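See structure below.
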Amino acid sequence: QVQLVESGGGLVHTGGSLRLSCAASGRTFSSYTMGWFRQAPGKEREFVAAIRWTGGSPPDAASLKGRVTISRDNAKNTVYLQMNSLKPEDTAVYYCAVRGSPYTIDNYLDTEASKYAYWGQGTQVTVSS
């Protein structure tokens, strides 16, 4: 059974940094695009960043551009999200996810939540002003 477990969320002040981790088990995802999404209260889930099986990425979300770095360690079946210069509007539950098909490269579909088949339970990130 596939399981994605996020960690690293928490409470930080404006301008702070966090590194989120997502460890996958039950299956190897080295051939899959892995991504991060977030959902704030009362808002729809939105794309944050993704990293492909090639190591490349679609463009990061505009609201986070230049402030996030996504990486992966295939040996550990883990994806990371480094977030810097955090703002109160970054407060949300952050989810990691894995695309349903391997070997995908599409700048649009790699940002669509509906194309991701496996999801973690989410980790809360709260940025105080």
Side-chain angles (χ1 to χ4, degrees):
Q1 183 178 352
V2 172
Q3 202 170 16
L4 303 178
V5 179
E6 301 99 334
S7 61
L11 173 65
V12 294
H13 293 298
T14 297
S17 298
L18 281 175
R19 188 190 192 213
L20 307 184
S21 300
C22 173
S25 60
R27 188 170 182 177
T28 299
F29 287 115
S30 59
S31 302
Y32 290 74
T33 294
M34 302 179 77
W36 287 93
F37 292 77
R38 68 183 184 181
Q39 188 166 19
K43 295 187 177 181
E44 293 192 358
R45 191 168 297 189
E46 64 172 347
F47 171 77
V48 174
I51 184 165
R52 299 183 176 123
W53 52 281
T54 59
S57 292
D60 298 330
S63 59
L64 290 148
K65 199 170 184 65
R67 299 190 293 120
V68 297
T69 302
I70 188 170
S71 60
R72 65 192 294 166
D73 185 336
N74 288 332
K76 296 182 178 180
N77 222 19
T78 298
V79 62
Y80 305 96
L81 184 70
Q82 176 69 42
M83 301 189 294
N84 301 319
S85 302
L86 285 164
K87 306 173 182 179
E89 51 263 43
D90 295 321
T91 295
V93 177
Y94 284 71
Y95 299 89
C96 76
V98 181
R99 280 209 60 179
S101 300
Y103 305 117
T104 59
I105 300 178
D106 189 296
N107 275 354
Y108 173 67
L109 295 180
D110 284 344
T111 68
E112 285 292 301
S114 63
K115 296 302 180 182
Y116 285 76
Y118 306 100
W119 291 84
Q121 82 290 348
T123 185
Q124 176 71 46
V125 171
T126 302
V127 185
S128 64
S129 57

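Every heavy atom of this structure was used, including side-chain atoms; hydrogens, water molecules and symmetry mates were not. From a predicted model like this one, the values you see are computed outputs, not experimental measurements.
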With sequence neighbours excluded, residues passing side chain to side chain contact (heavy atoms under 4.5 Å, CB included) with Thr126: Leu11, Thr91, Gln124

Please report the closest heavy-atom contact between Leu4 and Cys22, naming both atoms and the distance. CB-SG, 3.9 Å

Residues Val98 and Tyr32: closest non-hydrogen pair is CG1-CB, 3.6 Å

Taking side chain to side chain contact (heavy atoms under 4.5 Å, CB included) as the definition, give me every residue that meets it alongside Ala23, ordered by chain and number, with sequence neighbours left out. Thr78

Using the rule that two of Ile, Leu, Val, Met, Phe, Trp, Tyr join whenever any of their side-chain heavy atoms come within less than 4.5 Å, decide whether Val93 and Trp36 are in one cluster. no

For Asp60, check salt bridge (Lys or Arg N to Asp or Glu O under 4.0 Å) against everything at least two apart and list the hits. none

With Tyr116 via side chain to side chain donor-acceptor pair (under 3.5 Å) - residues at least two apart: none

Cluster check Phe47, Leu86: I/L/V/M/F/W/Y, side chain < 4.5 angstrom: no

Between Met34 and Val48, is there shared hydrophobic-cluster membership here, with clusters defined by ILVMFWY side-chain heavy atoms closer than 4.5 Å? yes

Using the side chain to side chain donor-acceptor pair (under 3.5 Å) rule, pick out the option among Arg27, Gln3, Arg99 that qualifies with Tyr118. Arg27

I need the Ile105 CD1 to Thr33 OG1 distance, nearest 0.5 Å. 7.5 Å

Can you tell me how far CG of Asn74 sits from CD1 of Ile51, rounded to the nearest 0.5 angstrom? 8.0 Å

Hydrophobic cluster mates of Leu109, side-chain heavy atoms under 4.5 angstrom, ILVMFWY only, any path? Tyr108

Scan the side chains in residues 13-20 for donor-acceptor partners under 3.5 Å anywhere in the protein, sequence neighbours excluded, and list what turns up.
unit_1	atom_1	unit_2	atom_2	d
His13	ND1	Ser128	OG	2.9
Thr14	OG1	Ser128	O	2.8
Ser17	OG	Asn84	OD1	3.0

About how many Å separate CG of Leu64 and CG of Leu81, when rounded to the nearest 0.5 Å? 8.0 Å

Please check if Val68 and Val12 belong to a single hydrophobic cluster, counting links between Ile, Leu, Val, Met, Phe, Trp and Tyr side chain heavy atoms closer than 4.5 Å. yes

Residues two or more places apart in sequence or in another chain: which of them pass side chain to side chain contact (heavy atoms under 4.5 Å, CB included) with Ala117? none

Report, one line per pair, each donor and acceptor closer than 3.5 Å where one atom sits in a side chain of residues 52-59; sequence neighbours left out.
unit_1	atom_1	unit_2	atom_2	d
Arg52	NE	Asp110	OD2	2.5
Arg52	NH2	Asn107	OD1	2.6
Arg52	NH2	Asp110	OD2	3.2
Trp53	NE1	Thr104	O	3.3
Thr54	OG1	Gly56	N	3.1
Ser57	OG	Ala50	O	2.7

Donor-acceptor pair, Gln121 side chain versus Val5 backbone, under 3.5 Å? no

Kindly indicate, with the supporting measurements, whether the criterion side-chain contact (heavy atoms from CB on, under 4.5 Å) is fulfilled by Met83 and Arg67. CA-CA 6 Å; Met83 301 189 294; Arg67 299 190 293 120; over 6 Å; no

Ser25: side chain to side chain donor-acceptor pair (under 3.5 Å) partners, not counting sequence neighbours: none

Residues that Glu46 engages under salt bridge (Lys or Arg N to Asp or Glu O under 4.0 Å), provided they are two or more places apart: Arg38

The side chain to side chain contact (heavy atoms under 4.5 Å, CB included) partners of Thr28 (sequence neighbours excluded) come to Ser30, Asn77

Can you list every ring-ring contact (aromatic ring centres under 6.0 Å, His included) pair that touches residues 63-95, not counting sequence neighbours? none

